[in-house]
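Only one structure is covered here, and it is reproduced in the block below.
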Amino acid sequence: MKRNVVGLSDPSFSNALDDALQAVTEPSSRLMESAFIEGGLSPFSGQLATLGFGAGLFVHYYNEYRSQGFEVELAFEAAKVQTLSHPVIQEAIAKTVTTSVNRSVVQSE
């Protein structure tokens, strides 16, 4: 059986992903505003908070690039890079890696 690999180069997948990311723009903005700005929730409050913050950033950056005329594939990649390079996300990744390494060292002793 042949397996179809779907990605951003597939127009039907790309268009559907674009529709989905544009559709969550407003709810994502509300989440960022109500939870992280008004509510004072820290992205470091746990994995769910970090994931919510990262997702909100990604949607924001993606739609910002799309509104500037970038194609879906380029907007996706640029938003990914910008999200992963955000200081909060960098710190969360570093903490996760450090915790995993520390667990591995403790378990191997």
Side-chain angles (χ1 to χ4, degrees):
M1 177 183 342
K2 183 180 177 196
R3 181 174 166 224
N4 291 331
V5 178
V6 177
L8 292 173
S9 60
D10 177 346
S12 62
F13 178 80
S14 180
N15 290 337
L17 180 64
D18 184 53
D19 290 345
L21 288 171
Q22 288 188 34
V24 297
T25 300
E26 202 277 320
S28 176
S29 293
R30 275 197 334 261
L31 171 69
M32 296 294 276
E33 182 76 27
S34 66
F36 295 105
I37 296 171
E38 294 170 0
L41 180 64
S42 168
F44 302 114
S45 298
Q47 287 182 337
L48 187 57
T50 304
L51 178 61
F53 184 77
L57 282 177
F58 180 82
V59 169
H60 169 76
Y61 291 139
Y62 175 83
N63 286 298
E64 193 173 83
Y65 284 110
R66 287 294 285 145
S67 70
Q68 293 174 20
F70 284 78
E71 294 296 321
V72 172
E73 194 167 356
L74 288 174
F76 186 90
E77 290 301 319
K80 180 174 68 175
V81 167
Q82 199 162 0
T83 300
L84 291 174
S85 65
H86 190 280
V88 169
I89 301 302
Q90 285 286 305
E91 187 173 338
I93 291 169
K95 284 180 179 181
T96 301
V97 169
T98 300
T99 300
S100 294
V101 168
N102 287 342
R103 281 190 193 133
S104 294
V105 169
V106 169
Q107 289 176 352
S108 67
E109 290 179 347

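All values below were derived from every heavy atom in this structure, side-chain atoms included, with hydrogens, water molecules and symmetry-related copies excluded. All of these numbers come straight from a predicted model, not from anything done at the bench.
Residues P27 and A23 share a closest heavy-atom pair of CD-O, 3.7 Å. Taking each heavy atom of T50 and A92 in turn, the nearest pair found is CG2-CB, 3.5 Å. The heavy-atom pair separating P43 from V88 by the smallest distance is CB-CG1, 3.5 Å. Heavy-atom minimum distance, A49 versus F36: O-CZ, 3.3 Å. Contact between S28 and A55 at its shortest, heavy atoms only, is OG-O, 4.4 Å.
Taken together through direct or relayed side-chain contacts under 4.5 Å among Ile, Leu, Val, Met, Phe, Trp and Tyr, L8 and F58 form part of one hydrophobic cluster. Hydrophobic clustering keeps L31 apart from L21 (ILVMFWY residues linked when any side-chain heavy atoms are closer than 4.5 Å, directly or through intermediates). Note on L51 and I37: separate hydrophobic clusters, where clusters join Ile, Leu, Val, Met, Phe, Trp and Tyr whose side-chain heavy atoms are under 4.5 Å apart, directly or indirectly.
A distance of 11.5 Å separates CD1 in I93 from OG1 in T98, rounded to the nearest 0.5 Å. Here the straight-line distance linking atom CD of E73 with atom OG of S9 works out to 6.0 Å at 0.5 Å rounding. The distance from the OG1 atom of T83 to the CD atom of Q90 is 11.0 Å, given to the nearest 0.5 Å. Note that OG of S14 and CG of D19 are 9.5 Å apart. Values are rounded to the nearest 0.5 Å. Put simply, CG on D18 and CZ on F76 are 11.5 Å apart, with the number rounded to the nearest 0.5 Å.
Under the side chain to side chain contact (heavy atoms under 4.5 Å, CB included) rule, R30 has a single partner from E26, M32, E33, which is E26.
If you look at F53 and H86, their ring centroids are closer than 6.0 Å.
Residue L48 places its CG atom among 12 or fewer non-hydrogen atoms of other residues, nucleotides or ligands, all under 6.0 Å distant. For Q68, the CD atom sits in a packed shell: over 12 heavy atoms of surrounding residues, nucleotides or ligands are nearer than 6.0 Å.
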*Take Y62 and T25 through the side-chain contact (heavy atoms from CB on, under 4.5 Å) test and state the conclusion after the steps.*
CA-CA 9 Å; Y62 175 83; T25 300; over 6 Å; no
